[in-house]
Q: 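Take a look at the following structure, please.
Chain identifiers are assigned alphabetically (A, B, ...) following the order of the sequence lines, protein sequences preceding nucleic acid strands; residue numbering begins at 1 within each chain.
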2 protein chains.
Amino acid sequence: MRIRLSWLGALALVATWISVAVAQTDPLPSWNDGPAKQAIVAFVTDVTREGSPDFVPPAERIATFDNDGTLWVEQPIYVQFAYALDRVKALTPQHPEWKDTQPFKAVLEGDMTALAAAGEKGAVEIVAATHAGMTPEEFRQTVTEWLSTARHPRFGRRYDELVYQPMLEVLTYLRANGFKTYITSGGGAEFIRAFAEERYGIPPEQVIGSRIITKFEHRDGRPILFRLPQVDFIDDGPGKPVGINQGIGRRPVAAFGNSDGDLEMLQWTTEAGKRRLGLVVHHTDAEREYAYDRQSRVGKLDKALDTATVDRWTIVDMKRDWKTVFPVRP
Amino acid sequence: MRIRLSWLGALALVATWISVAVAQTDPLPSWNDGPAKQAIVAFVTDVTREGSPDFVPPAERIATFDNDGTLWVEQPIYVQFAYALDRVKALTPQHPEWKDTQPFKAVLEGDMTALAAAGEKGAVEIVAATHAGMTPEEFRQTVTEWLSTARHPRFGRRYDELVYQPMLEVLTYLRANGFKTYITSGGGAEFIRAFAEERYGIPPEQVIGSRIITKFEHRDGRPILFRLPQVDFIDDGPGKPVGINQGIGRRPVAAFGNSDGDLEMLQWTTEAGKRRLGLVVHHTDAEREYAYDRQSRVGKLDKALDTATVDRWTIVDMKRDWKTVFPVRP
C-alpha cells in the first residue's frame with residue numbers, strides 16, 4: 001500500500017514536472033512547430049541572453065506591431081471603416097441631407113459600387129463626418145459602445161474577439177522577456193486606444209497611429225481637446241518609421257506586419273547590422289480566416305512579400321503555422 | 001562593562017533606526033519644510049493609498065514636466081539656443097557666406113542687438129541651419145558632444161549639471177510611487193532625448209517636445225530618417241495638451257511647469273474634478289539661480305501665476321522652498 005501510494009505520488013510529481021516544463025518551454029502554444037515559431041523563439045533567446053553577442057539591454061527591447069491584419073482581422077473591410085459606416089447610419093437623423101448626398105447616400109443604401117466610386121475622397125469625407133467634432137474621450141466612448149454591439153458579417157463575433165490568438169501569445173511572450181510592445185497602425189490611434197489595453201495589454205501611451213488635428217480650447221469655461229475634420233498624420237508606409245521616431249525615439253528591434261504598409265517599418269527595423277526580427281503575417285487560410293496578398297484591395301502584400309524573401313524576414317504562413325486563429329470564446 | 005556596551009549598542013540601534021526612519025519619511029531632502037513640499041507629499045500619499053477616495057490606479061499615474069526652467073536652467077538664454085549659436089560657429093567653415101548674411105553674421109560677431117532684431121524669423125533660420133540635414137541619431141550625437149564641452153556662462157558648469165536637485169527628487173519620488181514621468185517641452189524632443197535618460201531617468205519614449213519634419217528615405221540604399229528644416233509641431237502653450245494626447249493618450253494627474261507656456265497643460269491636467277496636482281516653479285532666487293517672472297523675455301510667468309492662485313496650484317518659491325538648487329558636483 002505504501003509502495004503504491006509512493007508510485008502514485010511519484011507519477012503525480014512527474015506529471016506536474018512535465019506540465020511545468022512544457023509550460024516553461026512553450027510560450028507559443030497556438031503555433032505549430034516550424035520555421036516561423038522557431039525564428040521567434042530563437043530571436044528572443046538570443047537577444048535576452050546576457051553575454052550573447054546579440055544581447056539587447058531591456059530598455060532597448062522595443063517591438064512594434066501593425067494592427068489591421070497583424071493583430072486582428074481586416075477583411076472584408078477595415079474594422080475602423082465598418083465603424084464609420086455604422087456611425088453614418090446612426091448620425092443620419094441629425095443629418096437628413098445625407099440621404100441625398102454622396103458618399104453618405106451610398107452608405108445608407110448599402111450601395112458598395114457608388115461607395116467605391118467615391119474613392120479616397122469619399123472615404124475621407126466619411127471619416128471626417130464620423131471621427132471629428134468631439135473630444136478624444138467622447139470619441140473613444142462611441143468606439144467602445146460600437147464594439148459592444150457590432151458583429152463581424154462572416155464570423156458573427158465582436159470585432160475585438162477576432163484578434164489572433166497566436167499573436168496575443170507573441171505579445172505576452174515578448175513582454176515576459178522585458179520587451180515593450182507598441183502598436184504602429186495606419187488606423188487611428190484613438191480608435192485603437194479604445195480597446196488595446198483590454199484586448200492586447202497595450203496601454204494608450206504605446207499606441208501609435210494616424211491622427212486628425214486635435215485642438216486645445218475652452219468650452220463652457222472648461223479646457224478640452226477637440227477633434228477637427230482634418231488629417232494631421234498618416235502612420236502608414238514611410239510614415240511608420242516617422243511615427244515610431246516621434247512616439248518612441250528608438251529604432252525597434254522587432255517589427256511585425258502583414259502588408260506593404262509595413263514595408264518601411266520592417267526595413268528600418270531590420271537594417272541595423274545587428275540581430276533583429278522582421279515578421280510578416282501571410283494570410284493563406286481562406287477556410288479559417290482569409291487568403292489574400294498581391295491582388296488584395298485591403299491589406300495588399302506584394303512588395304513587402306518580395307522584400308521579406310530578400311531580407312530574410314520571417315514569413316508566417318497562417319494556414320501552416322497557426323494551430324488556432326482566434327481565441328476560444330470566453 | 002557589559003552595561004556600558006549595551007548602552008552603546010542601544011544608542012547605535014536607535015541612531016540607525018532614526019536614520020532609516022528619516023530616509024523613509026523624507027523623500028524630498030532638498031526641500032525645506034513648507035507648503036510646497038507638503039502639497040507634493042500629501043498629493044502622492046492621497047492618490048496612492050488604496051481605498052482612498054482619491055486613489056489613482058498605477059496605470060493612470062502620469063506626471064508631465066516642462067523642461068526649461070522647470071527641470072533645468074533656462075537663463076540667460078534657452079540651452080537649446082546656446083547650442084544652436086555654438087553650432088553656427090562650428091559650421092561656418094562649411095558656410096563662408098554666413099559671415100555676410102544675417103542672422104548668422106550677428107551670431108558670429110556676438111552682436112546680440114542685431115540678433116534680437118532678426119526676431120523669431122532669425123531664430124527659425126538658425127534652428128533650421130543647425131538642427132536639420134541629418135538623421136535623428138546624428139543630431140543627438142552632436143548634442144551629446146556639445147554638452148560635454150559647453151559651459152554655462154555664469155556657473156561655469158556643464159548645462160546638464162544645471163538641473164534642479166529638488167526636482168530630480170520629485171521625479172524619483174513619483175516613480176517610486178508608481179508614476180510614469182514624462183517631459184513635455186517647448187524645446188525639441190530630439191534635443192532633450194540626448195540627455196534625459198542619463199540626467200532625469202526619463203527614457204526617449206517619455207520625452208514629448210517640439211518637432212521638425214522628419215522624412216523616411218533611402219540613402220545609399222539604406223533606410224533612414226532625415227530631418228528637414230521645417231517645423232512640424234510646436235509643443236508649447238495650447239500645444240502641450242495636444243502633444244500629451246498624441247504621445248500618451250491619457251490626461252496627466254500631475255503637471256509641473258514654470259511659465260505661461262505651461263498654462264494650458266496645467267489647466268487641462270487639474271480641471272478634472274478629481275484630486276490633481278498642478279505645480280509652478282517660481283524663480284525667486286537671484287543669488288543662487290535667477291529671479292524672473294512677469295517681465296521676463298525667457299520663461300515669462302504672468303498669466304500662469306495669476307491662474308495658479310485662482311486654481312490653487314502649488315507655487316514653489318525657489319528661494320524659500322529649495323535647500324539646494326543644483327546637485328553637488330559629482
Q: Heavy-atom distances under 4.5 Å only: say whether B:Phe233 touches chain A with side chain, backbone, both or neither.
A: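 For B:Phe233, no heavy atom lies under 4.5 Å from chain A.
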Q: Can you tell me which portion of B:Pro241 sits under 4.5 Å from chain A's heavy atoms? Options are side chain, backbone, both or neither.
A: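 Both backbone and side chain of B:Pro241 come within 4.5 Å of chain A.
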Q: Let me know if B:Gln246 has heavy atoms under 4.5 Å from chain A in its side chain, its backbone, both or neither.
A: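 Both backbone and side chain.
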Q: Using a 4.5 angstrom heavy-atom cutoff, name the option from A:Glu217, A:Arg140, A:Arg211 with the most pairs to chain B.
A: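 When all of A:Glu217, A:Arg140, A:Arg211 are compared, A:Arg211 has the most.
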Q: Considering only heavy atoms and a distance below 4.5 Å, find which of B:Glu271, B:Glu197, B:Lys180, B:Gln206 pairs most often with chain A.
A: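 Looking at each of B:Glu271, B:Glu197, B:Lys180, B:Gln206 in turn, B:Glu271 comes out on top.
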Q: Do the charged groups of B:Arg193 and B:Glu205 touch, with an N to O distance under 4.0 Å?
A: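 Looking at B:Arg193 and B:Glu205, the cut-off is not met.
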Q: With respect to chain B, which residue among A:Leu225, A:Thr214, A:Ile224 yields the maximal number of heavy-atom pairs within a distance under 4.5 Å?
A: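 When all of A:Leu225, A:Thr214, A:Ile224 are compared, A:Leu225 has the most.
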Q: Verify whether the ring centers belonging to B:Trp146 and B:Tyr159 lie closer than 6.0 Å.
A: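 Aromatic pair counts; centres sit under 6.0 Å.
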Q: Under 6.0 Å between the ring centres of B:Phe195 and B:Trp72?
A: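 Under 6.0 Å, so yes.
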Q: Would B:Arg158 and B:Asp160 pass as an ion pair if we require N to O under 4.0 Å?
A: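 Looking at B:Asp160 together with B:Arg158, the answer is yes, because their closest N to O distance falls below 4.0 Å.
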Q: Would the B:Tyr83 and B:Phe191 ring centres measure less than 6.0 Å apart?
A: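 Between B:Tyr83 and B:Phe191, the centre distance is under 6.0 Å.
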Q: Check whether any side-chain heavy atom of B:Ile244 lies under 4.5 Å from a side-chain heavy atom of B:Met265, and answer yes or no.
A: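 Yes - at least one pair of side-chain heavy atoms lies under 4.5 Å apart.
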Q: Under a 4.5 Å heavy-atom cutoff, which of B:Gly237, B:Pro204, B:Gly209, B:Pro136 has the most pairs with chain A?
A: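 Option with the greatest count: B:Pro204.
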Q: Can you tell me which portion of B:Lys240 sits under 4.5 Å from chain A's heavy atoms? Options are side chain, backbone, both or neither.
A: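 Neither the backbone nor the side chain of B:Lys240 comes within 4.5 Å of chain A.
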